[in-house]
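Reading through the structure tokens given below for one structure.
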Amino acid sequence: MGSDDRMNEAADRLAAVQANIASAAQRAQRRADDVCLIAVSKKHDAAAIRPLIVAGQRHFGENRVQEAAAKWASLRAEYPDVMLHLIGQLQSNKAEEAVSLFDAIHSIDRSSLIQAVAKACASAGRQPRLFVQVNIGDEDQKGGCAVADLPALLAEAKAAGLTIDGLMAIPPADIEPAPYFALLDELAERNGLSLRSMGMSGDYETAVMLGATHVRVGTALFGTRGQGAA
Ligand SMILES: *Cc1c(COP(=O)(O)O)cnc(C)c1O
């Protein structure tokens with residue numbers, strides 16, 4: 001594909017997703033401006049990302065620290081107002097790098113990580129916006145803290161000096177996501193948190209109707225990630 005085609009296609013996809021967010025917000029009597037669209041650029045290279053930036057997109061999500069560091073070094077020098085969100089699992093030994101690289105971390109999910117991130121924030125003198133990831137369907141093998149453990153984890157973050165602004169969840173696959181979005185909204189409300197990171201390409205409009213403040217959209221903006229994509 002030529003570079004003009006790429007630009008046009010990116011602009012069209014972005015406009016379509018933005019329009020869908022706007023109409024979902026309107027149906028729920030919310031303001032579209034209260035929903036942050038995060039373009040999930042994992043497994044896509046700079047050549048695929050740049051057209052979206054040129055089309056006006058500023059928030060991007062990555063699921064691996066190493067991949068993000070390599071890919072975004074030069075793009076960010078070029079576009080300093082881009083905001084990066086870590087949406088994948090974070091190992092404690094990468095906390096320092098994550099804290100310096102990302103503007104938001106959506107995957108705080110356990111005690112050891114809270115301690116590592118608190119330490120990294122103290123030494124960096126900055127704190128990214130933080131979300132606690134909740135294993136909303138109580139699935140084995142899924143990241144996120146158990147619903148029952150959320151209050152204790154939030155208390156621990158507070159004691160460690162971290163400000164948590166919201167919750168993030170990935171509902172179970174292949175089943176109606178709306179009840180899980182509603183549950184995340186309810187958990188956020190109950191714990192006094194203002195942000196909800198929920199909704200992906202297949203269900204972001206539903207998520208917006210149920211209170212998402214951050215939607216994480218990959219495929220609908222970039223096309224498929226190809227074989228082996230996470
Ligand atoms: C990959 C990913 C997304 C985006 O998924 P799409 O279906 O491509 O929109 C959103 N959230 C997380 C945590 C992801 O890993």
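Just so you know, these numbers come straight off a predicted model, no measurement behind them. Start at 1 and go down the list; that is how both ligands and their atoms are numbered.
Both Leu90 and Val132 are members of a single hydrophobic cluster when ILVMFWY side chains are connected at heavy-atom separations under 4.5 Å.
Applying the 4.0 Å criterion to heavy atoms of Ile170 picks out, from ligand 1, the atoms 13 (C). Contact atoms of ligand 1 toward Val217: 9 (O) (distance under 4.0 Å to a heavy atom of the residue). Residue Arg216 has at least one heavy-atom neighbour below 4.0 Å for each of these atoms of ligand 1: 4 (C), 9 (O), 10 (C), 11 (N), 12 (C), 13 (C). Of all atoms in ligand 1, numbered sequentially from 1 with element shown, those under 4.0 Å from a heavy atom of Ser201 are 6 (P), 7 (O), 8 (O), 9 (O). Listed by atom number, the atoms of ligand 1 under 4.0 Å from Thr219 heavy atoms are 6 (P), 7 (O), 8 (O), 9 (O).
One finds a salt bridge joining Lys71 and Glu62 here, because a Lys/Arg side-chain nitrogen approaches an Asp/Glu carboxylate oxygen to under 4.0 Å. We find that Glu78 and Arg50 are joined by a salt bridge, their nearest charged nitrogen and carboxylate oxygen being less than 4.0 Å apart. Using a 4.0 Å cut-off between charged side-chain N and carboxylate O, Arg76 and Asp103 make a salt bridge. Electrostatic pairing of Arg196 and Glu189 counts as a salt bridge here, judged by a charged N lying under 4.0 Å from a carboxylate O.
Across the listed options Lys42, Gln133, His85, Met200, Lys42 owns the non-hydrogen atom lying nearest to atom 15 (O) of ligand 1.
By the 30° and 60° cut-offs, the orientation of the rings of Trp72 relative to Phe60 is tilted.
By the criterion of a heavy-atom distance under 4.0 Å, neither the backbone nor the side chain of His106 is placed next to ligand 1.
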